[in-house]
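Notes for the one structure printed next.
Chain identifiers are assigned alphabetically (A, B, ...) following the order of the sequence lines, protein sequences preceding nucleic acid strands; residue numbering begins at 1 within each chain. Only heavy atoms go into these numbers, but all of them, side chains included; no hydrogens, no water, no symmetry mates.
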Amino acid sequence: MSRRLITAIEIDGAGSHPDAWRGAAVDPSAILTGELARHAVQRAEAAGIDFATFVDTLEAPADEPSRVSVRLDALGLAARIAPSTDRIGLIPTLTVTHTEPFHVQASVATLDYVSGGRAGWLAEVSTSAEAAAVIGRREPAEAADTWREARYVVDVSRRLWDSWEDDAIIRDAPSGRFIDRDRIHYVDYSSPAFSIKGPSIVPRPPQGHPLTVVRLSSPEALQAAADADLVLLPGTTDLEDRLAAVRAASLNPRVLLSVSVALSDGPADGVDYAGGVEELADLIEGWNAAGLDGIHLRPASLELDVPVIAERLVPLLRERRLLGPSAGRATSLRNRLGLRRPANRYAGSGR
Amino acid sequence: MTKQIHLAAHFPGVNNTTVWSDPESRSQIDFASFRHLADTAERGTFDFFFLAEGLRLREVKGRIHDLDVVGRPESLTVLSALAAVTTHLGLAATVNSTFNEPYELAKRLATLDHLSGGRAAWNVVTSWDAFTGENFRRGGYLDKADRYVRAQEALRVVRKLWDSWSSELVLDQDGGVFAREGAGAFADEGAHFNIRGRFGLPPSPQGHPVVIQAGDSDQGRDFAAEGADVIFSRHGSFEAGQAFYKDVKARLPQYGRSEDSLKIMPAVTVVVADNDREAADKAQYIREQQVSGPTAIVLAELLWGRDLSSYDPDGPLPAEDPVVGSAVTQGRVGYNDPAPIVAEWRAQAEAHGWSLRQTVINQQNRQTFIGSPSTVAAAMNRHVQEDAADGFVLVPHLTPGGLDDFVDSVVPLLRDRGVLRSEYTGTTLRHHLGLDA
Ligand SMILES: Cc1cc2nc3c(=O)[nH]c(=O)nc-3n(C[C@H](O)[C@H](O)[C@H](O)COP(=O)(O)O)c2cc1C
């Protein structure tokens, strides 16, 4: 048997289909309270799905009356859901082109704390003129440039997560020292895009490094995928070539195929897969055989499709032994995915 | 008319108020600690829970300060998680306006307001210095004089974004109209920002999350008078509180604002015990824990602006004159005019025969209310009824159980006096604070 498949779902408004918010079972105002998302994530957790990603962009979503044109900050939403769940991983999208890297790493580390070691982040870039204009700090840049910069952000984030050794807090009452400052390090990071002194303000997060995820949404993202723990590969065409390209570029991240799916009688036009659960399970079996490590399902409708995924698809995959037994006790996301907790690059260097 | 007392809980942080060596002291970073204090505050029907911010670890003489609690999580993320486990408590995040952009601030704060059903607040602080700037793309580019210019503009723009939707949210499922075209469109051009586009969130339950200000300078007070809903001040004593209160409230009319529209809430500490005598002993014990010998030196260095490591904390005060604007300690608010304070310390030390450490303990203690529950309740009420404050931000010396005894023993007495609600009468922070929606 091949390696156990990783399973994930994506949270985006009422679902990946533009009409998902119109479904009879959907209360569209629950998009804004976060309740729609929370409900979907709890369902996914109960079924044993490994993690949920949360879509975000810097600027507002499309300005079309028929579409969902609002979006909560993904990090805030994931944090809101963290105490209401205890086993599923939570991976919000953070765009790194305009946001300060120091804030990015601090908030992802904090999500790891509030979720008890279940956090990651989907590092995304903004090349659009719209995103540049809402921040107003710089001109829009080419994809290749923004991805190059994103790699620096990933790199410095990991350094900042390491800037506190795990045992830096000593609470040594006799000497009056709360920390051993020799176990806290300046990162002194310098890149063509920015420099950061460090250390982080947040002690090293529970997982050491929360998971870094990259969506291969453009060819330029391929280089950044080399740094990722997990890569999302959208679409189903040229699978073998693209998979080979990731494997060639990278240090062997886990690669998940990211597909939009409609499994209920809700709207289905334009999704990657619409149809029955059995056939989808067959496809997944084939993808697994082709060397993919997992599937990232983007439900057309959270209200309609997540229950089918949770109650029918996942059990079927388990029956076919593509998935392990549903995870029992709470554990870190790294543990759950069989990824080791990274060693701290600075450990011991100050002593 | 009897004024109602507003209360907030400050999660203890990176200064020597926090006694981390106490056996009761727990993690300053684990979510369970935040949850404990928030639960306590909500049990006490407090208005809000408050998180401070630091963007660079403090340094003393070029090395990371290691004597106080160091390290904390990022505020908005913690508060979003707390929104899940509380129902009424306001959630106030300190986020500086120098190293953030209005669009991101507006989005993150509006998200917290949506997720919490109208309980978000933003404490606008204005770190400007190159020391903090070394952690940011922008570096230390902002002159001290410009910090409130940028803060004022950031606040104006953030509010503009919060106002960028009027009634465009339609949610007509049958007709297929989620929102009218152009929803959230904005454009703004000022000295610090030149931005345009669409804002992706319709008005949150409070419309505008509550705005708090925590600076003390003339500029800071004007900034608050013009645009804040709450001032978090450091003037907790009765006389200083009254003077500050009068000063700030007098600034309101020029901005067309009423006295009620800005609540003044100084940071205070409370030590309660069964009787006044025991409380005084406990307070003395806590002060000694807060100011160890090494901490006394560091606090004196902050005032003197000099390296005083050669001094014995149990010996006399340093003989040198203080230096203004030195960088001996970094990452904390220094003294604009240290000379008269040093003179006062010397006079007190001489009069009482105090050592350096004893002088720091006695001159710098921030304990405000000490006594039996009824003594404390009476004193707090007097401060509020006689306009030394509209309420208080309570800064416990223990994480996270430091307000347990206050809520169990003083809160019932304030309720008996009719100056503190026994249950929440509304769901939004604006409502708790008695501010207009
Ligand atoms: C009670 C109080 C609390 C403060 N809390 C913070 C804080 O958490 N983070 C921060 O960066 N600055 C904090 N400040 C600093 C102020 O935002 C401001 O930068 C500083 O007081 C200098 O401004 P001023 O000259 O107007 O006083 C605080 C100030 C006061 C008075």
Side-chain angles (χ1 to χ4, degrees), chain A residues 21-22 26 28-29 32-34 58-61 63-73 75-77 79-84 98-100 102-103 106-107 109-111 113-114 116 130 133-137 164 169 171 173 176-181 184 194 196-199 201-203, chain B residues 20-21 29-31 54-57 63-64 66-74 76-78 80-81 83-85 99-101 103-104 107-108 111-112 114-115 117 134-137 169-171 173 176-184 193-202 292 294-295:
Chain A
W21 69 274
R22 300 180 64 184
V26 180
S29 66
L32 278 167
T33 57
L58 201 51
E59 69 276 22
D63 186 15
E64 288 173 43
S66 62
R67 296 196 174 210
V68 174
S69 54
V70 301
R71 192 174 279 138
L72 294 167
D73 175 65
L75 191 100
L77 180 58
R80 164 64 183 78
I81 290 172
S84 313
H98 298 282
T99 304
E100 288 284 356
F102 194 80
H103 292 321
S107 43
T110 301
L111 183 63
Y113 275 103
V114 302
E130 286 81 4
V134 299
I135 298 297
R137 203 164 53 83
W164 289 62
I169 294 175
R171 290 180 179 253
R177 292 177 308 141
F178 181 78
I179 49 160
D180 175 355
R181 56 187 166 196
I184 298 182
F194 56 84
I196 289 180
K197 180 78 182 169
I201 48 160
V202 189
Chain B
W20 53 260
S21 57
I29 184 97
D30 289 346
F31 186 61
L55 296 175
R56 182 154 172 196
L57 303 187
R63 301 192 68 196
I64 293 165
D66 58 359
L67 304 177
D68 298 335
V69 169
V70 182
R72 52 176 143 202
E74 183 268 319
L76 280 164
T77 305
V78 172
S80 299
V85 296
F99 300 106
N100 288 284
E101 302 302 324
Y103 191 86
E104 291 175 299
K107 184 177 172 187
R108 296 197 71 194
T111 293
L112 180 61
H114 279 290
L115 289 173
E134 280 187 301
N135 282 334
F136 296 94
R137 290 172 184 261
L169 192 67
V170 180
L171 303 183
Q173 287 176 300
V177 179
F178 189 90
R180 278 187 268 277
E181 209 170 317
F193 312 108
N194 180 2
I195 61 174
R196 65 201 62 251
R198 288 176 48 248
F199 186 58
L201 285 166
S292 64
T295 294

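Counting only distance, with no hydrogens or angles, the side chain of A/E130 and the backbone of B/G197 share no donor-acceptor pair below 3.5 Å. Counting only distance, with no hydrogens or angles, the side chain of B/D66 and the backbone of A/D180 share no donor-acceptor pair below 3.5 Å.
Proximity to chain B (any heavy atom under 4.5 Å) is shown, for A/A109, by neither the backbone nor the side chain.
In this structure, A/Y113 has its ring center at least 6.0 angstrom away from the ring center of B/F31.
Ranking A/G136, A/P65, A/A133 against chain B, the residue ahead of the rest is A/P65, based on heavy-atom pairs under 4.5 Å. Contacts with chain B were tallied for A/P199, A/G116, A/G176; A/G176 has the most, counting heavy-atom pairs under 4.5 Å. Between chain B and the residues A/S107, A/A173, A/A82, the largest count of heavy-atom pairs under 4.5 Å involves A/S107. With chain B as the partner, the residue from A/I184, A/I179, A/I169 showing the most heavy-atom pairs under 4.5 Å is A/I179. Looking only at heavy-atom pairs under 4.5 Å with chain A, the residue among B/A183, B/G182, B/S292 that has the most is B/G182.
A/S69 contributes atom OG, which lies 7.5 Å from atom CG of B/L169 (distance to the nearest 0.5 angstrom). To the nearest 0.5 Å, atoms CD (B/E74) and CD1 (A/I201) are separated by 7.5 Å. Here the straight-line distance linking atom CG of A/L75 with atom CZ of B/R108 works out to 5.5 Å at 0.5 Å rounding. Atoms CG and CZ, on A/D63 and B/R198 in that order, are 4.0 Å from each other to the nearest 0.5 Å.
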Verdict with reasoning, A/H103 to B/F99, per ring pair (Phe, Tyr, Trp, His ring centres under 6.0 Å): CA-CA 9 Å; A/H103 292 321; B/F99 300 106; 7.9 Å; no
Is there a side chain to side chain contact (heavy atoms under 4.5 Å, CB included) between B/V78 and A/T110? Walk through the geometry before answering. CA-CA 7 Å; B/V78 172; A/T110 301; 3.6 Å; yes
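A/V114 has its side chain out of reach of B/P73: every pair of non-hydrogen atoms, C-beta onward, lies at least 4.5 Å apart.
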